[in-house]
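Shown next, in structure tokens, is the structure this report addresses.
We count ligands from 1, going down the list as the structure has it; atoms in each ligand are counted the same way. Just so it is clear, the structure is predicted and the values come from calculations on it, not from any experiment.
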Amino acid sequence: MNHDIKDPSLRAEGLRRIEWADNDMPVLRRIRARFAEEKPLRGLKMSACLHITSETANLARTLKDGGADLVLCASNPLSTQDDVAAALVQDFAIPVFAKKGEDRDTYYRHLQAALDHGPVVTMDDGADLVTAILLERPQLHAKMIGSMEETTTGVIRLKAMERDGALKFPVVAVNDARCKHLFDNRYGTVQSTVDGIIRATSVLLAGRTVVVAGYGWCGRGFASRARGMGAIVVVTEVDPVRALEAAMDGFQVMEMAQAARVGDIFCSLTGDTHVIRLEHFRAMKDGAMVANSGHFNVELDLEALEKAARKKPGVRQYVDQYTFPDGKRVFVLGEGRLINLTAAEGHPASVMDMSFAIQALATEHVAKNRGKLAVKVHPIPEDIDEWVAAIKLEEMGLRIDRLTPEQEKYLSSWKLGT
Ligand SMILES: NC(=O)c1ccc[n+]([C@@H]2O[C@H](COP(=O)([O-])OP(=O)(O)OC[C@H]3O[C@@H](n4cnc5c(N)ncnc54)[C@H](O)[C@@H]3O)[C@@H](O)[C@H]2O)c1
């Protein structure tokens, strides 16, 4: 089996962590049991470009048990858990092309290796496979049945492809499912981002000024958790409605130019580019810490910072120090790559349970509807979203009311009630 991982001897620890994550993924377990019986993905050639974590391993097992012929590569050079990669290869016979800390060339070589598999279905976290297929592998797109996309940034890219007429096969926006972004982005990204910043720095948040760039699903969650830990939280935004929401949620709202002067810890969660630029780094206090948890490492303009300040890498694991000529220091965490996966373990399994249950069911949906889906970015069918929420509630031991026939009638009528 062709693969490229860092260290096969890490297998036992990887397996332990995959099983530990599985304990907290009951919805995905149910799907796996059904998939193992029904084999809805029998013979489906799949390539998935995801963060190689213990939760992803449980998704990969599910797809494989469903009959898929699956290959994995990393969706970020720093997010791979090498022990998990070892266990996937050796215990589950799933080929993996990923090594934590791989350089840019290796990252793209691994992406190509996943495409050499000849997939008819792909799964992305950031649209890298789809982009490579469209730009470099015309022979693959004719055979493609469809693809699934995990994150906001990927969906934005795919919608741009659709708008430009460049998309050649149907794509399902898993990120836009309610059971994905409401929980994964708002609670999962956030808890693991706080975890990543703390693991990287061991900093006390209480009493510190934390600047959050972006008040979307991830930013809102991060702002509220940082406040809960005693930080004074400042929000920067470009969307007036979101900025207003932040203000009414009780956060200080200001431009980055002003926030840069008051912040102690910065975290960018926008999906945008160069949100924190050289003029902002220059305005920061000595000792300011700067992280990104948005999908790509472009949110911080590190190229400009590197030209203007002397870099001392690794003053602590995951921390690089930049010193300006006047002696002022700025600390950049995790090389500006998503800090929750670089310095921590990514989202907790309980939340990935829902995201990956949706991925698995979206794959089944795409396979079942082969040739029937239009070439565009599709939302997740509502029944999938609702099934995942209902099963998660059941597994949490929570029961909710059902509409009575009278209520159903009332809610569907425009004549009753006045
Ligand atoms: N770290 C992770 O594990 C993880 C998990 C989920 C999503 N993400 C990524 O996080 C990013 C944000 O995702 P989201 O779901 O919150 O998106 P979102 O679209 O809900 O929110 C992004 C917000 O950033 C704001 N924004 C854009 N440019 C800005 C700028 N220059 N300054 C200030 N604010 C700006 C937008 O107005 C928007 O309100 C995306 O890149 C997404 O892919 C990362």
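- Of the polar atoms of Ser293, at least one N or O is found under 3.5 Å from an N or O of ligand 1, judged by distance alone.
- Heavy atoms of Thr270 found under 4.0 angstrom from ligand 1 belong to the backbone as well as the side chain.
- Between Asn340 and ligand 1, at least one pair of N/O atoms sits closer than 3.5 Å.
- Side-chain contact annotation: Thr106 with Asp103, donor-acceptor N/O pair under 3.5 Å present.
- Contact record, Ala360 with Thr62: CB-CG2, 4.3 Å, taken as the closest heavy-atom pair.
- Nearest to atom 31 (N) of ligand 1 among the protein's heavy atoms is Asp272 OD2, 3.2 Å.
- Per-residue contacts place His347 under 4.0 angstrom from the following atoms of ligand 1 (heavy atoms of the residue considered): 2 (C), 3 (O), 5 (C).
- Cation-pi geometry between Arg220 and Trp217 is met: the NZ or CZ atom falls under 6.0 Å from the ring centre, inside 45° of the normal.
- Here the closest non-hydrogen pair linking Ala114 and Pro119 is O-CD, 4.2 Å.
- At least one donor-acceptor pair closer than 3.5 Å links the side chain of Glu237 to the backbone N or O of Asp239.
- Ranking the protein heavy atoms by distance from atom 6 (C) of ligand 1 puts Thr189 OG1, 3.4 Å first.
- Residues Arg157 and Asp128 are paired through a salt bridge, judged by an N-O separation under 4.0 Å between the basic side chain and the carboxylate.
- Salt bridge Glu394/Arg30: present, at least one basic N to carboxylate O contact under 4.0 Å.
- Considering backbone and side-chain atoms alike, Cys218 places an N or O below 3.5 Å from some N or O of ligand 1.
- On a distance-only criterion, Glu299 and ligand 1 share no N/O pair closer than 3.5 Å.
- Counting only heavy atoms of the protein, atom 20 (O) of ligand 1 lies nearest to Trp217 N, 3.2 Å.
- For the residues Gly271, Ala246, Pro240, Gly346, the heavy atom positioned nearest atom 11 (C) of ligand 1 is part of Gly271.
- Figure legend: Arg227 and Phe251 shown as a cation-pi pair, the cationic atom lying under 6.0 angstrom from the six-membered ring centre and within 45 degrees of its axis.
- Listed by atom number, the atoms of ligand 1 under 4.0 Å from Leu338 heavy atoms are 1 (N).
- In this structure, Thr363 has no side-chain hydrogen bond (donor to acceptor under 3.5 Å, both in side chains) partners at least two apart in sequence or on a different chain.
- Closest to atom 21 (O) of ligand 1, if we only count protein heavy atoms, is Gly216 CA, 3.1 Å.
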Tabulate below the donor-acceptor pairs under 3.5 Å that side-chain atoms of residues 304-313 make, not counting sequence neighbours, or state none.
{"unit_1": "Glu306", "atom_1": "OE2", "unit_2": "Tyr322", "atom_2": "OH", "d": "3.2"}

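- Atom numbering of ligand 1 starts at 1 in the shown order; those under 4.0 Å from a heavy atom of Thr236 are 33 (C), 34 (N).
- Side-chain contact, Gln317 with Arg199: no donor N or O sits under 3.5 Å from an acceptor N or O.
- Contacts between Asn175 and ligand 1 below 4.0 angstrom, taking non-hydrogen atoms only, are absent altogether.
- Protein heavy atom closest to atom 43 (O) of ligand 1, with residue, atom name and distance, is Thr151 OG1, 2.6 Å.
- With a 4.0 Å heavy-atom cut-off, ligand 1 is reached by the side chain of Arg242 but not by its N, CA, C or O.
- Both the backbone and the side chain of Val238 come within contact range of ligand 1, each with a heavy atom under 4.0 Å.
- Every atom of ligand 1 with a heavy atom of His295 under 4.0 Å away is listed here by number and element: 9 (C), 41 (O), 43 (O).
- Every atom of ligand 1 is numbered from 1 in the order shown, and the set under 4.0 Å from a heavy atom of Val275 is 31 (N), 32 (N).
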Exercise. For the pair Asp83 and Arg16, evaluate salt bridge (Lys or Arg N to Asp or Glu O under 4.0 Å) and give the outcome as yes or no after the intermediate values.
Key: CA-CA 9 Å; Asp83 52 355; Arg16 265 197 295 273; over 6 Å; no
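- Nearest protein heavy-atom neighbour of atom 10 (O) of ligand 1: Gly294 CA, 3.6 Å.
- In terms of protein heavy-atom proximity, atom 14 (P) of ligand 1 is nearest to Thr152 OG1, 3.6 Å.
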Exercise. Could you walk me through whether Arg17 and Gln81 pass side-chain contact (heavy atoms from CB on, under 4.5 Å), step by step?
Key: CA-CA 10 Å; Arg17 295 209 302 116; Gln81 297 170 358; 3.1 Å; yes
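- Nearest heavy atom pair, residue Val155 against residue Ala173, reads CG2-CB, 3.9 Å.
- Using a non-hydrogen distance threshold of 4.0 Å, Glu237 registers as a contact of ligand 1.
- Given atom 12 (C) of ligand 1, the protein heavy atom at minimum distance is Leu269 O, 3.6 Å.
- Rounding to the nearest 0.5 Å places CG of Leu338 at 6.0 Å from OG of Ser293.
- Interface of Asn185 with ligand 1, defined as ligand atoms under 4.0 Å from a residue heavy atom, comprises 6 (C), 7 (C), 15 (O).
- Of the heavy atoms in Thr153, both backbone and side-chain atoms come closer than 4.0 Å to ligand 1.
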